[in-house]
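Reading through the structure tokens given below for one structure.
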Amino acid sequence: MSDTHSHHDHDHDEQELAAKKAARPKIEHDNKFWLSLDQYQQNPEFKKLAETEFLSSPLKEEDDSANEGWARREFLKLMGASLAMATAGCIRRPVEKIIPYNKQPEEVVLGVPNFYTTTYFDGSEAIGVLVKTREGRPLKIEGNPSHPISQGGTTARAQASLLGLYDPDRLRAPKKNLFNEKRSNKDGIGISWDDMDKNISEQLKKGAVVVLTGALTSPATRSVVSEFGQAFGAEHVAWEPFTHEEIREGQKSCYGDDLVPGYRFDRAQMIVSLDADFLGAWLTPATFTKQFSKTRKDLGKMSRLVMFDSSYSLTGANADIRVRIKPSQQLDVAMGLAHEIVVNKGRSSYAGNSNAKSVLSAFAGTAKKLGIEEELFKRIADDLWENKGQSLVVAGGLQTLTADAVELQIAVNFLNSILENDGKTVEGRSGNSSLKSSNKELLALIKNMEQGKVKTLIIHRTNPMYALSSSAGFAEAIKKVEMVITTSERDDEVAQAAHYVAPDNHPMETWSDAEVTAGVFGLQQPTIRPMYDTRSFQLSLMTWAFLANKGPKRLLAYETFFDYLKNYWKEEIHPKQGRGQSFDDFWNQALQEGFVGESVNSSARSFRAEALNQVKKSKDKTGYELVLYPTIQLGDGSNNNIAWLHELPDPVTKVCWDNYVCVSLATSQKLKIKNGSVVQLTVNNKKIDLPVHIQPGLHDEVLAVAIGYGRTHVGRVGNGVGQNSYELASVSNGNLVYSGQETQVTVLNKTYKLAQTQEHHSMEGRQIVVEATLKDYEKKKEHIIHRHPIWSIWSGHAYNGNKWAMAVDLNSCTGCSACVVACQAENNIPVVGKKYVMQGREMHWIRIDRYYTGTPENPSAVFQPLMCQHCDNAPCETVCPVLATVHTDDGLNAMVYNRCVGTRYCSNNCPYKVRRFNWFNYVKKIEKPLHLALNPEVTVRMRGVMEKCTFCVQRIKEAKNEARIDSRPLKDGDIKTACQTACPAEAIVFGDMNDSESRVSKMFKHERSYALLEEWNAAPSVRYLAKIRNNGKESASSDPESKGGHS
Amino acid sequence: MQHRHDVRNFGGMVFIILFAAFSVLTTGCKFQPGWGYNKGYSPEQPIPFDHSIHVSKHNIQCQYCHNQVERSTHSNIPALSTCMNCHMQVKTDSPHIQKLRDAYDKGASVEWVKVHMLPDFVRFNHAAHLKKGVNCQTCHGAIETMSRVTQNADLSMGWCINCHRQPENNAPLNCTTCHY
Amino acid sequence: MIKRNQLIIGNKSFKDITDDICAPVERFPSKGWVGLFLGAKTLLIFYIFVLGMVLANGMGLLGVNHPVAWGTMIITFVFWIGIGHAGTLISAILFLFRQKWRTSVARTAEAMTVFAVMTAGLFPLLHTGRPWLDFWLFPYPNQRGPLWVNFRSPLLWDVFAVSTYATVSMVFWYIGLVPDFATIKDRAKNKVRRMVYGALSLGWKGTARNWSHYEMLYLLLAGLSAPLVLSVHTIVSFDFSVAGLPGWHTTIFPPYFVAGAIFSGFAMVITLMTLVRIGFPQFKDYITIDHMEVMNKIIMTTGMMVGYAYASEFFVAWYSGNPYERYAFLNRAGVPGTSGDYAWSYWIMVTCNVIIPQLFWFKWARRNIPTMFIVSIFVNIGMWFERFVITVTSLHNDFLPSNWGNYAWSFWDGAVLFGSFGMFLTLFLLYLRLVPAISIAEIKPVLDVGKDKKGGH
């Protein structure tokens, strides 16, 4: 190329660059990123640099994925064009700049991720997590395997919280609302922190301050709040939708300690759950799933799970024996079991206790009354007794918040005591005393507010304007408060009613800590500098106290909450947990491991017999009863603006982007309604219109509705998705009642289409999910699987080196869907929205198929995670005309996006239909700063190319390179796929088949292992381990189909 | 008769020649290496950094500046602090160095023009290649003698494959080696 | 021996023939033609707009989805390719078998073929996700290693099959036209016309040498394109039968597809010929009821072949003992216990393709213009649905019930389907105006066929 020519080209490129610069999305807040501590301390001019630096750091893929929205797309276009125009003459790629660091931060190696330990708290569960960052940018959340409680398990919501950080709808600066007289209309304006702080600290001096927060698991934060309370005589009220108050009250009246006990499912051989969805959305699902799965791996001593289910919960779906009940029957069941044990069988120390007997006598013959198979009921009671000390009875969650929620807890505690479980599977001492939120206190607060007794209300991380039924009158009461301040991170329902919005940092931007259980403390450290002009709640309180110059000196002494926190740990935690370490070592270790301490051992507590007297037999109800339940996707609805969670189908109903009322098949026939017909529910003259989802296995008098939907001010994703069913809760004698309320149904002459990702629920007699009862399995062993004689005229691929493969244990998989979100986060999988899900265009690389077996009255469900099977005889490979999908010599089925022209022939020829096609240019829809969540190690696909699970090839590469760089062989477990690391049940194992010692090759040899559609001889590199149900029956279920094999 | 015969042949000839010319035009350039690629690209840099002086004359190791190349997929362009290690003392009077120094003191940086550009869907790992014993010159040419960096190879897929194909290199030839 | 009816009625002289056939080309277009043309042209413009939209926004506009990744475009592609078969069959195979009656319809049938293949050819190119990269489907030297195409993929075989077929049939058609272009040139009154048709006739002199070369070339091309009639649709059928999907993976597909193609092709010929006879009454003497009847017989025969194929598919599904295969076919027919979402399309297909053509057992039906027109229309519809059944029904319920789903038919699907007729009709109408619709050169030799010695009756 002649110089002149290149010059000419150069100018040309300059213009092009200018044009691009203009087109390039301005990332206003980029100056807020801190690539390193050094830079953190840089002078303001550094922001300028940081911006350019972000737009084109030395990392090519890095910064391109950072403005994926257009860069890669443009490039691929150009690519196509260049080839087309190559005849016309040579074209030159646009000029790109490299802007190196000013000072090299020593912990940053370009393109090599750093992991930071921190804690994710969702209101009930504090999960120990690792945050993967690159160049100071959080990219992925992984479970922290060394964490003593969650042990590396995560939930779908924990995985998705990353997207919350980059949510475009977050508030970017403090805000002031000017109200009219009646507070009916407002006008929001921006305000500087200084002015706001001045006004607030003035107001606070007037006293009558209340701090209303969600459950505060952070000791340091609690101490800030209490010291703030001392400063202004402020009262602290904690409330959130899942108070777990009923558990605490039950514990109090039975054992005298006000806490949520620690449940040890890993020690339980016989588990009876009364509507406690502990595998799904109750209390600490990640931990519980971890514990529970441990008891399902060794079939020699496999636990048994019995679920009395009034919604079709995830736990119910995984139960060995599932009994459908309605909420009003929960107490009867618990007491009925006790009656069976104590009175009928005359077992336990209470056998002679006349008082107990008299209380129990009211519950004689429960099974008959509830229409539960009496034999079954007896057997459950016996099993409980036979496993005493190793059994566990739990109840809780919104589903149990009926009028007699506490009585239910007492009954459950009674059972656990007579079964000598307390101190073994139920640990009082190691319980969590930090979950202190309370409905009663909130209702009391509302009274005070109405009477104008509250001058200033500070609201943090809780949302009574949305999650509290309007019948509690919070919305009216708040208007009587002189000044309302909220720290909402978004302009949400509370922010609408607040005078000042002092936006809090996102948890990933701020320091904090957590009391995970008694004796175990977790640290929460920021993994990115605050993206916007926000300030942590704690620092806000400290600042206001400082300006008012009130309160203990510890509160006023520090400039940042970090200093406060560190000092707090020095004074409070270190002495208890230090074990003679110097504080610095202690602190660094805590930072490194993410936690300190270990759960304290517990011992049996004495049950206060008089507590039993509170339990009264309530008269049997007839007619429809309401069940409100949280979903695993949205939980209480606080992270309702995260598209990943909305697109994640419910594991049982497979519906996404909506909530709906579940009715049983019989009920639907009785009411003559179909899926999607709209009905109106009336609960104490509160009305709500909802589409119907016919849910087999529900009690015929149950109407189950998910909470967490129907938000009005959460953001553009969540607003108006579904209906707010919190509204249906009602206040009765100073407490909130959610479930078991009488409900009228009126069928409206309307229909509303729900987006369902799986519309056919039977296996059609095909061997898809192999399921057998424990008894069957012990008898038949490998013969539970129908094997096909397979032969081929082709010797197959030769795999010298590695042969990657994956094994999925269907017996461990609970269908919790953490893997689906993890995969979405890892692999830059777009969200398509309801409209396109309805057209069958969801993009998930791993989906969880759910099939029903058994009768439609009470079917059992099986789950099957399905990702690309990486077949050795891959049908997709032979039909691609351009070799865009080919086999690699380490057994992967490679998908080459940049070669794909999109004939979609591969998808047609895939018997598993796991390939996904980019029907539109979804990247174009990625709104900044969401693009920062894209994984730079994974190409972002443009319109018109096929994509699918790659076995996380980027992780394979990374691990291989690490091994190569420190010249060591790759060992089993070095490579973990995203789904594998996310899975709390350790159901997914990935590894090398050529290593006969690897876990995966061992699992492949297992007698329960089989390949999906074996007879089709695609020879998948994924094998499944058959599902075993420990229901004491002979054949898998009354459904012959589920045994699979040929018709 | 004879005459007409000739004419027809001539016409045929013309046709054939035109057709040949056309096909060369349309496909010919496909055979030429470097078409549509950046081979020989040698943009002007904001500061005329001269590899020949630093490497050949003063024998500075590549890894002194590109210090992360053995650990990372990327060969990092040195931070300004690295330059200043020497240029605090060396050649402080040169206007270019002053430019560098100002940027450094302002906490700013230098906008180097990227020379070797791979498409975004191509993943090249420097560390892996170094570990294999591939030296810088194999791809970057006689970089140590370049007073202005020039793209040495066309960096086309064919060019990469060509090396990976050699049995003695036993390098992987999977699509996923570079595309994922 | 049965005495054959005259191929050309009305005691024509050679001059009459030339006048009659050249008339539409030389006369000013009739109102009818102009009306039709404007209609077709508008539809074509709409079609172009629709394709533009699909190109700009992506395949997502159409109903294709997961699991039904192929839809209207592929269906309509196979439909038009099928239509394309009659032409070559008539012109090549019947020519080789010395079927003299073909001469009257050959030209128009071939024209139809060429236009149908052009219409069809667009679809596989446009239905890809990134049409601007379609050239990757052709093996050409490149700088990617070089990176070749996958010769194991039926889609690639398609690329070759269809392009070959298009080329050969176009050349064949054009060669046949050369003498007639010359005729028109000679008759031309004004200069432009003279020049244009002169150029088109490639300096045809009508010398003995011309004729002998012409005959030879025509024979060779006939021989060349005869196998193509079979090969093209065989290979198109491979797109399905080579895949492993229940309902696709069937050995009967090649003959079944070819029969179907000829079936639909002749139906379309009938449709067009009836219209031509209305549009240009003088052609009635050349395209006689006898011609129509022969073609109707072929329609009935091939119709029954197709019917046989349907039946044997069911038999094999049952006989194979393969549960997936069985389900696929029971589901097509909508047997209770299957989803049967698309049973309606299956029964439309059976009615149109198997039952209705049985009318042609009756002579009156074979010889009655309105009847045969209606039947041919039904056959066209039926054959489109045949491809719909094969593509969509097989895809929507395959191996794993978890990903069963339905085709998300959208406005754009309909637009693409009907738009393609706009393209076809526009081309066809132009052809009727600009090209002698019957081969003057070939019709003259068969003038005497069926006449008794004395001439006249």
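Throughout, a chain's letter reflects where its sequence line sits, starting with A, and its residues are numbered from 1. Since we're looking at a predicted model, the values are computed, not measured.
The residue among C:Asp134, C:Thr128, C:Leu245, C:Asn150 with the most heavy atom pairs within less than 4.5 Å of chain A is C:Asn150. Most heavy-atom pairs under 4.5 Å with chain A: of the set C:Pro131, C:Gly58, C:Ser402, C:Ala408, this distinction falls to C:Ser402. Considering only heavy-atom pairs separated by less than 4.5 Å from chain A, the leading option among C:Val64, C:Leu395, C:Leu62 is C:Val64. Of all the listed residues (A:Thr878, A:Leu1012, A:Val945, A:Asn918), the one sharing the greatest number of non-hydrogen pairs under 4.5 Å with chain C is A:Thr878. Note: C:Pro154 leads C:Pro154, C:Gly405, C:Gly63 in heavy-atom pairs under 4.5 Å with chain A. Counting heavy-atom pairs closer than 4.5 Å to chain C, the top residue among A:Val879, A:Thr903, A:Asn908, A:Asp849 is A:Asn908.
Contact of the C:Trp404 side chain with the A:Glu764 side chain is registered, since non-hydrogen atoms from C-beta on lie closer than 4.5 Å. With contacts defined as side-chain heavy-atom distances shorter than 4.5 Å, the pair A:Arg847/C:Asn403 qualifies. In this structure, A:Val882 and C:Trp148 have side chains that are not in contact, with every pair of non-hydrogen atoms separated by 4.5 Å or more. Side-chain contact check for A:Arg943 versus C:Met59: every heavy-atom pair is 4.5 Å or farther apart. A heavy-atom distance below 4.5 Å is found between the side chains of C:Leu400 and A:Leu1013.
Here the side chain of C:Asn65 pairs no donor or acceptor atom with the backbone of A:Gly840 at under 3.5 angstrom. C:Asn57 contributes no side-chain N or O that, together with a main-chain N or O of A:Phe920, makes up a donor-acceptor pair within less than 3.5 Å. Within the 3.5 Å criterion, the main-chain N or O of C:Leu155 finds no donor-acceptor partner in the side chain of A:Tyr905.
Considering CZ of C:Phe399 and NZ of A:Lys913, their distance stands at 7.5 Å, rounded to 0.5 Å. One finds the CG atom of A:Asn909 at 12.0 Å from the CZ atom of C:Phe240 (value rounded to the nearest 0.5 Å).
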Given the rule in the side-chain hydrogen bond (donor to acceptor under 3.5 Å, both in side chains) test, do A:Arg841 and C:His66 qualify, once you have shown the distances and angles that lead to the verdict?
-> CA-CA 6 Å; A:Arg841 285 163 184 186; C:His66 180 277; over 6 Å; no
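Within the 4.5 angstrom heavy-atom criterion, no atom of A:Pro875 approaches chain C. For A:Ser907, the part sitting under 4.5 Å from any heavy atom of chain C is the side chain, from C-beta outward, and nothing else.
For A:Trp1016 and C:Tyr324, the distance between ring centers is not under 6.0 angstrom.
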